[in-house]
Amino acid sequence: MAVLVTGGAGYIGTHTVVQLIEQGEKVIVLDNLCNSSRDVFSRIEKICGVLPTFIEGDIRNRECLDKIFSASSIDSVIHFAGLKAVGESSQIPLDYYQNNVCGTLILCEAMAAAGVKKLIFSSSATVYGEDAPVPYEENMPRGKTSNPYGASKAMVEQVLTDLCASDPEWSVALLRYFNPIGAHPTGLIGEDPKGIPNNLMPFISQVAVGKRKELSIFGDDYPTEDGTCERDYLHVMDLADGHVSALSSLDENGVHIYNLGTGNGLSVLEMVKTFMRITGVDVPYTFADRREGDLPAFWADASKAEKELGWRATRTLDDMMEDTWRWQSNNPNGYEG
Ligand code: NAD
Ligand code: UFG
């Protein structure tokens with residue numbers, strides 16, 4: 001039996017594919033490469049000695065999905081495919097709802113038709129909304145999201161919850177990621193954003209490698225210890241392991257919700273300073289205005305995943321910095337060489 005991984009050529013997907021293969025799983029990747037490169041597959045093969053099956057296609061293409069399900073014995077799906085740039089989602093909301101919401105509906109319809117009813121969905125800490133107290137716990141209600149990206153994640157969570165309520169054969173894990181950073185320790189795969197990075201860590205590493213002049217730190221007057229925002233950064237390899245662990249939760253039907261984070265908040269300044277200390281490379285920065293929509297501070301209560309899945313984040317912040325830098329310095333232009 002195989003696991004179908006949608007969006008498996010992307011940042012979190014590639015690391016998860018590696019960990020699945022290392023666990024002996026047979027993996028089929030479906031990706032339309034709208035935010036990734038086919039070069040990831042030779043890198044994955046170098047790491048694991050196995051080339052996963054790759055199908056270039058779109059999750060919104062029902063015919064393509066039906067062919068995949070009828071050609072292979074698939075028993076579960078890990079669903080990463082989607083658009084993820086928070087700012088962009090406010091400029092082109094229809095694309096976000098079309099890709100993230102309609103795409104998931106079409107995927108679920110094809111799964112139901114094929115009798116495959118086990119699904120892991122990439123959700124986000126953003127679904128807790130603007131007013132939730134920290135640390136975030138899974139039993140808190142979803143809150144008011146401030147952009148179409150966040151709204152699309154909350155909508156899909158609701159769709160999947162309703163689906164499980166309607167048909168007790170479904171089993172779905174909603175994994176709410178906090179802030180994944182880092183790269184595989186070989187430096188062969190990592191985060192390769194197209195254009196100007198939206199997220200903190202790739203911006204820091206691109207400044208360090210000389211691709212960008214300086215980092216702008218968005219806001220220094222938040223009600224936090226040093227005035228910059230705090231987030232729960234976790235190593236992408238820990239996040240990948242979280243998916244392998246969550247496969248086991250699918251043995252029990254219904255909806256299972258897990259925060260995947262470390263449980264610790266770190267400020268933007270702490271992140272920049274730690275990166276400089278670990279790598280010995282200077283990262284010039286200036287303070288800029290707050291970025292619209294940013295919350296001052298949030299982190300996970302990650303105890304449920306530990307209790308029920310036996311998963312917890314074990315890589316250190318130093319590991320995250322070292323691995324980010326190995327990837328970025330060995331691949332200054334990402335997968336393009
Ligand atoms: P990514 O952009 O690197 O990977 C997503 C992959 O999906 C890409 O390879 C892209 O080409 C593919 N894709 C997009 N639309 C598709 C479609 N319609 N059909 C087929 N393939 C399609 O992003 P990532 O950081 O690896 O994130 C993976 C998932 O995790 C996304 O759903 C994202 O919203 C979610 N998530 C990410 C973060 C984060 O900080 N990276 C945080 C919370 C949740
Ligand atoms: N930041 C900067 N300068 C930059 C980029 C980011 O100061 O150039 C700051 C942001 O203002 C924020 C912190 O660094 O305070 C982290 O920002 P990211 O963009 O890296 O991460 P976010 O917490 O904003 O968002 C991420 C994902 C979302 C997800 C959210 C919650 O991008 O998909 O975590 O899980 F919804």
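All ligand and atom numbering here is 1-based and tracks the order in the structure. Quick note: residue numbers are just sequence positions, from 1. Note that the coordinates shown come from a computational prediction; the quantities given were computed from them, not determined experimentally.
For the residue pair Asn199 and Tyr11, no side-chain donor N or O sits within less than 3.5 Å of a side-chain acceptor on the partner. For the residue pair Arg43 and Tyr335, no side-chain donor N or O sits within less than 3.5 Å of a side-chain acceptor on the partner. Counted by atom type alone, Glu88 and Tyr149 present zero donor-acceptor pairs between their side chains at under 3.5 Å. Inspection of the Asn147 and Ser90 side chains reveals no N or O donor paired with an N or O acceptor under 3.5 Å.
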**Request:** Show the numbers, then the answer: is there a salt bridge (charged side-chain N to carboxylate O under 4.0 Å, His left out) between Asp226 and Lys273?
**Result:** CA-CA 12 Å; Asp226 63 25; Lys273 287 181 181 163; over 6 Å; no
Salt bridge (charged side-chain N to carboxylate O under 4.0 Å, His left out) evaluation trace for Lys304 with Glu138
CA-CA 8 Å; Lys304 186 178 176 209; Glu138 291 88 343; 5.4 Å; no
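Residues forming a salt bridge (charged side-chain N to carboxylate O under 4.0 Å, His left out) with Asp319 (at least two apart in sequence, or on another chain): none.
Residue pairs meeting the ring pair (Phe, Tyr, Trp, His ring centres under 6.0 Å) criterion with at least one partner in residues 42-79, sequence neighbours excluded, are Phe41-Phe54, His79-Phe121.
At the top of the distance list for atom 40 (O) of ligand 1, counting protein heavy atoms only, stands Pro180 CD, 3.4 Å. Among all non-hydrogen protein atoms, the one lying nearest atom 2 (O) of ligand 1 is Asn35 ND2, 2.7 Å. The closest protein non-hydrogen atom to atom 37 (C) of ligand 1 is Ile12 CD1, 3.7 Å. Among protein heavy atoms, atom 24 (P) of ligand 1 sits closest to Lys84 NZ, 3.8 Å. From the protein, the heavy atom lying nearest to atom 11 (O) of ligand 1 is Asp31 OD1, 2.7 Å. Among all protein heavy atoms, the one lying closest to atom 18 (N) of ligand 1 is Asn99 OD1, 2.9 Å. Of all protein heavy atoms, the one closest to atom 13 (N) of ligand 1 is Asn32 OD1, 3.4 Å. For atom 29 (C) of ligand 1, the closest heavy atom belonging to the protein is Phe80 O, 3.3 Å.
If you look at His243 and Tyr177, their ring centroids are closer than 6.0 Å.
Residue Tyr177 has no N or O atom closer than 3.5 Å to an N or O atom of ligand 1. The shortest N/O to N/O separation between Leu30 and ligand 1 does not fall below 3.5 Å. At under 3.5 Å, a nitrogen or oxygen of Ile59, whether backbone or side chain, sits near a nitrogen or oxygen of ligand 1.
Checked options His235, His184, Arg315; the residue passing with Asp323 is His235 (criterion: side-chain hydrogen bond (donor to acceptor under 3.5 Å, both in side chains)).
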Would you list the atom pairs, donor with acceptor, under 3.5 Å between side chains in residues 200-207 and any protein atom, with sequence neighbours excluded?
| from | atom 1 | to | atom 2 | distance (Å) |
| --- | --- | --- | --- | --- |
| Ser205 | OG | Met201 | O | 3.3 |
| Ser205 | OG | Pro202 | O | 3.2 |
| Ser205 | OG | Gln328 | OE1 | 2.9 |
| Gln206 | OE1 | Arg212 | NE | 2.8 |
| Gln206 | OE1 | Arg212 | NH2 | 3.2 |

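In this structure, ligand 2 sits under 4.0 Å from heavy atoms belonging to Ser124, Ala125, Thr126, Tyr149, Tyr177, Phe178, Asn179, Asn198, Asn199, Leu200, Phe203, Leu215, Ser216, Ile217, Phe218, Cys229, Arg231, Tyr233, Val268, Arg291, Asp294, Phe298.
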